[in-house]
Structures are given as structure tokens and as C-alpha cells.
K.L.:
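Take this structure first; my questions come after.
Both backbone and side-chain heavy atoms feed into the values below; hydrogens, waters and symmetry mates do not.
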Amino acid sequence: MKTYLKILATGISLPEKVLCNADLERMVETSDDWILTRTGIRERRITEKEVATSDLGADAGRMALASAGKNPEDVDLIMVATATGDQMFPSTACIVQAKLGAVNATAFDISAACSGFLYCLTVAYSLLSSGVYRNALIIGAETLSKITDYSDRSTCVLFGDGAGAMFVELGNDGKGMFASHLGSDGSYASLLNLPAGGSRMPASQETVANGQHYIKMNGNELFKVAVRSMEEAARRTVDKAELDTDEIDLLIPHQANIRIINSLRKRLDIEKERVYVNIERFGNTSAASVPIAYHEARTAKVFDKNSNILLVAFGGGITWGGVLIRG
């Protein structure tokens, strides 16, 4: 009998502080119309200085556990997808584990940038299917504002902070995740990266002075690769599920750029009404993007227990992934 990765509950955490386009107009040479036309973003959430990625991740995790009626001690596995961990080490998942009091959980991070949450779902399905763990708390959490250069108008308009979580276990009632596809191509690594802070370019006075600890992006080239890789992820995932794209009831894409989302849905021949979009309110929250959008769609009852929901993302690496969920 086929098993599914059942999503028992979800949770999110979003900072209260809102950075709108009018605020950015006072910081860099840009305009609300320019940002909205090219990205689809009106505002994004920004953490206060003292708030770290683990704080948002733990809050989202608590919401998911409370919704599932579970105690932290019930959790077997915690995975955090993030590109903005609290520190180089230990893992942000370990810090989240301590914040939650999930004393029985194994904890580790997955680094796949904006695709990270879909990587986590796929790894969780494999580990739970093998019998190593009974359940998992999966979290996508980012504080991209910490690594955004607010003097660079090409990147500072894009990114926001937030976290999304799912509590999952295996089931065989036909509901949950039942197909996935992951991919990567390191030859495009330079299109989106954080140059300094690792072993290639350790932190120094020079790297700080040169702004090498901020996100660097080649937007034009990344756009082309993003649409192509997300289309591949979507089609390969749908093929593995033995479905057609016209059987997808709801597409939840990574919220990177409205033009990328529109290009993807046109390539897949999916009408606008079958695509969930919240980029206008939150911007690009990287690994948190898909779980935040899924939580909103689930809470608003945009889909029902028999719906086929396709999650798809791309990220720095580059990486890409697709996941199909029923119900």
C-alpha cells in the first residue's frame, strides 16, 4: 500500500514590522510603481535587530505543534531549511530544538536556499518511510534582511523575513505528499550567492568594507534559469505522480517575483485562478516562502481534502524542486 507524508498541522511566524515600497523610496533611488511592476511586491516583513532566524522558526514550530495537539517531547525529527542560520554552527535546527524543548528530536539544517523546504519534505518522507523516525517538524525560516544591502536597489526591494512549519507523519489514507522531484546545477552558483563568511572568503575588515556579506544577484540571467528549472520541477513531479498539469487544482510556487510566477503558469498552461500568490504582502522569504503560502491557502480553505496541490521552487545553487500533495 502506498504511503503518503501526511501534513497534520502547519504554522507561521511573521515579524510585525512592515517595510513598504514608500519606505524604500526614501532609502534608494526607486519607486512604488517600479517595484510593483517588476516584482509584484508592495511590502515585506522585517525582524527587529535582536530577533534571529531560530526565533521565527521556533514560533512557527510551536504553532504547528499546538495545532497538531502534540507536545515538543513527541517530536522525533526537526529539520530547518535556511540560508540565514543564527550562526555558521551549531545548526539552527539544534537551537530551535532547545527553544521548543523537543528533547527527543534529532535536529539538523538543510541548505538549498529557496528550495530548501521542498528538500526537507522529500528527506522527511524518505526517513519516515525507512522507519527511522515516526514524525517530523519541518521548518523553513529566514531573516534575509540581515544579509540585504539596503543601498542596492536591485536586491533590497525583493527580500523579507518569516517562517513556516509543518508537522508531518506517514499515512496511507491517500492524503499528503505523494510525489517529488529535486534537482540542482552548481555551474550557476555565481548567479545568486553570499560571497564572504565561509572558507573561500573568510570574514575580514576587507570583506566587510567591500560589502561581501550581502546577497549578490545577477537578476537577468537568474530569471531565465528560474523559469526553466521550475518548469522542469513541475513537469517531472507531475509525471512521477502519473498526472497531467490540468489535474493540478492549486499551484503554490516560490514567491520570488510575480513575472517568474506568471511565466511559469503560462508555460504550464495553468490559469491565474489556480495559482496562490502572496508576494505582494511578504516579498521573497526564501525557504519560508512555500510553507507560509501553503499555511495561508490551507487556513483560507483554498483547497479541499481531494485537491492536488503542486509546490514548486528554485533557489541559489542553483537548486529546484517540486512536491505534489493531495488534500
K.L.:
Cut-off 3.5 Å, no hydrogens considered: what does the side-chain donor-acceptor table look like for residues 311-323, sequence neighbours left out?
P.N.:
{"unit_1": "T319", "atom_1": "OG1", "unit_2": "A112", "atom_2": "O", "d": "2.8"}
{"unit_1": "T319", "atom_1": "OG1", "unit_2": "S115", "atom_2": "OG", "d": "2.9"}

K.L.:
Please collect all salt bridge (Lys or Arg N to Asp or Glu O under 4.0 Å) contacts where either partner lies in residues 32-50, sequence neighbours excluded, each pair once.
P.N.:
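As it turns out, the salt bridge (Lys or Arg N to Asp or Glu O under 4.0 Å) pairs with a partner in residues 32-50, which skip direct neighbours, are R42-E280.
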K.L.:
Under the side chain to side chain donor-acceptor pair (under 3.5 Å) rule, what pairs show up with a residue in residues 103-114, not counting sequence neighbours?
P.N.:
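Counting only pairs at least two positions apart or across chains, the side chain to side chain donor-acceptor pair (under 3.5 Å) contacts touching residues 103-114 are T106-Y133.
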K.L.:
Report yes or no: does Q87 contribute a side-chain atom to a donor-acceptor pair with the main-chain N or O of G85 at less than 3.5 Å?
P.N.:
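The answer is no, because no donor-acceptor pair under 3.5 Å joins these two groups.
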K.L.:
Tell me which donor-acceptor pairs under 3.5 Å the side chains of residues 189-200 have, and how far apart each pair is, sequence neighbours excluded?
P.N.:
{"unit_1": "N193", "atom_1": "ND2", "unit_2": "S190", "atom_2": "O", "d": "3.1"}

K.L.:
Dump the intermediate steps for side chain to side chain contact (heavy atoms under 4.5 Å, CB included) on L24 and C156, then the final yes or no.
P.N.:
CA-CA 8 Å; L24 288 167; C156 74; 4.1 Å; yes
K.L.:
List the steps and the verdict of salt bridge (Lys or Arg N to Asp or Glu O under 4.0 Å) for D304 and K301.
P.N.:
CA-CA 7 Å; D304 61 35; K301 295 182 169 54; over 6 Å; no
K.L.:
Looking only at heavy atoms, what is the nearest atom pair of H254 and S289, with distance?
P.N.:
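Taking every non-hydrogen atom into account, ND1-OG, 3.1 Å.
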K.L.:
Could you tabulate the donor-acceptor pairs under 3.5 Å formed by side-chain atoms of residues 59-80, not counting sequence neighbours?
P.N.:
{"unit_1": "D59", "atom_1": "OD1", "unit_2": "R62", "atom_2": "NH1", "d": "2.7"}
{"unit_1": "R62", "atom_1": "NH2", "unit_2": "K99", "atom_2": "O", "d": "3.4"}
{"unit_1": "D74", "atom_1": "OD2", "unit_2": "N71", "atom_2": "N", "d": "2.8"}
{"unit_1": "D76", "atom_1": "OD1", "unit_2": "R134", "atom_2": "NH2", "d": "2.8"}
{"unit_1": "D76", "atom_1": "OD2", "unit_2": "R134", "atom_2": "N", "d": "2.8"}
{"unit_1": "D76", "atom_1": "OD2", "unit_2": "R134", "atom_2": "NE", "d": "2.9"}

K.L.:
With sequence neighbours left out, which residue pairs that include part of residues 110-129 fulfil the salt bridge (Lys or Arg N to Asp or Glu O under 4.0 Å) condition?
P.N.:
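Every pair satisfying salt bridge (Lys or Arg N to Asp or Glu O under 4.0 Å) with a residue in residues 110-129: there are none.
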K.L.:
What distance separates L5 CG from M177 CE, expressed to the nearest 0.5 Å?
P.N.:
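Between atom CG of L5 and atom CE of M177 there are 6.0 Å.
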K.L.:
Could you walk me through whether L264 and E231 pass the side chain to side chain contact (heavy atoms under 4.5 Å, CB included) check?
P.N.:
CA-CA 6 Å; L264 174 65; E231 181 186 9; 4.1 Å; yes
K.L.:
Should I139 and L121 be regarded as members of a common hydrophobic cluster, given that ILVMFWY residues are connected when their side-chain heavy atoms come within less than 4.5 Å of each other, either directly or indirectly?
P.N.:
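No: no chain of side-chain contacts under 4.5 Å links I139 to L121.
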K.L.:
Among side-chain atoms of T10 and H295, is any donor-acceptor pair under 3.5 angstrom?
P.N.:
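Short answer, yes.
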K.L.:
Do I7 and L170 sit in the same hydrophobic cluster, where Ile, Leu, Val, Met, Phe, Trp and Tyr count as joined when their side-chain heavy atoms come under 4.5 Å apart?
P.N.:
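Yes, one cluster joins them.
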K.L.:
For residues 201-211, pull every pair meeting side chain to side chain donor-acceptor pair (under 3.5 Å), keeping only residues two or more places apart or in separate chains.
P.N.:
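Applying side chain to side chain donor-acceptor pair (under 3.5 Å) to every pair that reaches into residues 201-211, excluding sequence neighbours, yields T207-H213.
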K.L.:
Strictly below 4.0 Å, N to O, side chains only: are R274 and E271 in salt-bridge contact?
P.N.:
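Judged by the 4.0 Å cut-off on N to carboxylate O distance, R274 and E271 do form a salt bridge.
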K.L.:
Using side-chain contact (heavy atoms from CB on, under 4.5 Å) as the criterion, list what pairs up with A52, not counting sequence neighbours.
P.N.:
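A52 satisfies side-chain contact (heavy atoms from CB on, under 4.5 Å) with S54, D55, D86 only.
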K.L.:
Decide if atom CG of N220 counts as having more than 12 heavy atoms of other residues, nucleotides or ligands within a radius under 6.0 Å.
P.N.:
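Count not over threshold, so no.
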K.L.:
Quick one: do K216 and D152 make a salt bridge, cutoff under 4.0 Å?
P.N.:
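No, K216 and D152 are not salt-bridged.
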K.L.:
Please report the shortest heavy-atom distance between K175 and K305, naming the atom on each side.
P.N.:
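Reported closest heavy-atom pair: NZ-O, 2.9 Å.
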K.L.:
If you measure only the distance, is there a donor-acceptor pair under 3.5 Å linking the side chains of T53 and T92?
P.N.:
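T53 vs T92: no donor-acceptor pair found between side chains.
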K.L.:
Please test K6 against V168 for side chain to side chain contact (heavy atoms under 4.5 Å, CB included), starting from the C-alpha separation and ending with a verdict.
P.N.:
CA-CA 5 Å; K6 289 180 65 69; V168 300; over 6 Å; no
K.L.:
Under the ring pair (Phe, Tyr, Trp, His ring centres under 6.0 Å) rule, collect the residues that match up with Y214, sequence neighbours excluded.
P.N.:
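Expected list: none.
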K.L.:
In terms of hydrophobic clusters joined by side-chain contacts under 4.5 Å, are F223 and I41 together?
P.N.:
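In one cluster: yes.
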K.L.:
Under the rule for salt bridge (Lys or Arg N to Asp or Glu O under 4.0 Å), what residues qualify as partners of R236, not counting sequence neighbours?
P.N.:
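Result, salt bridge (Lys or Arg N to Asp or Glu O under 4.0 Å) vs R236: E232.
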K.L.:
Clusters formed by hydrophobic residues whose side-chain heavy atoms approach within less than 4.5 Å: which one holds V51, and what are its other members?
P.N.:
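Cluster partners of V51: L56.
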K.L.:
Which residues pass the ring pair (Phe, Tyr, Trp, His ring centres under 6.0 Å) test with Y125, not counting sequence neighbours?
P.N.:
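Partners of Y125 by the ring pair (Phe, Tyr, Trp, His ring centres under 6.0 Å) criterion come out as none, since no residue qualifies.
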K.L.:
Could you please spell out the steps behind the side chain to side chain contact (heavy atoms under 4.5 Å, CB included) verdict for C94 and F108?
P.N.:
CA-CA 7 Å; C94 283; F108 60 88; over 6 Å; no
K.L.:
Is any NZ, NE, NH1 or NH2 atom of the basic residue among D269 and K266 found under 4.0 Å from an Asp or Glu carboxylate oxygen of the other?
P.N.:
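Answer for the salt bridge query: no.
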K.L.:
Could you state the interatomic distance from OG (S263) to CZ (R265), rounded to the nearest 0.5 Å?
P.N.:
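Reported value, rounded in 0.5 Å steps: 9.0 Å.
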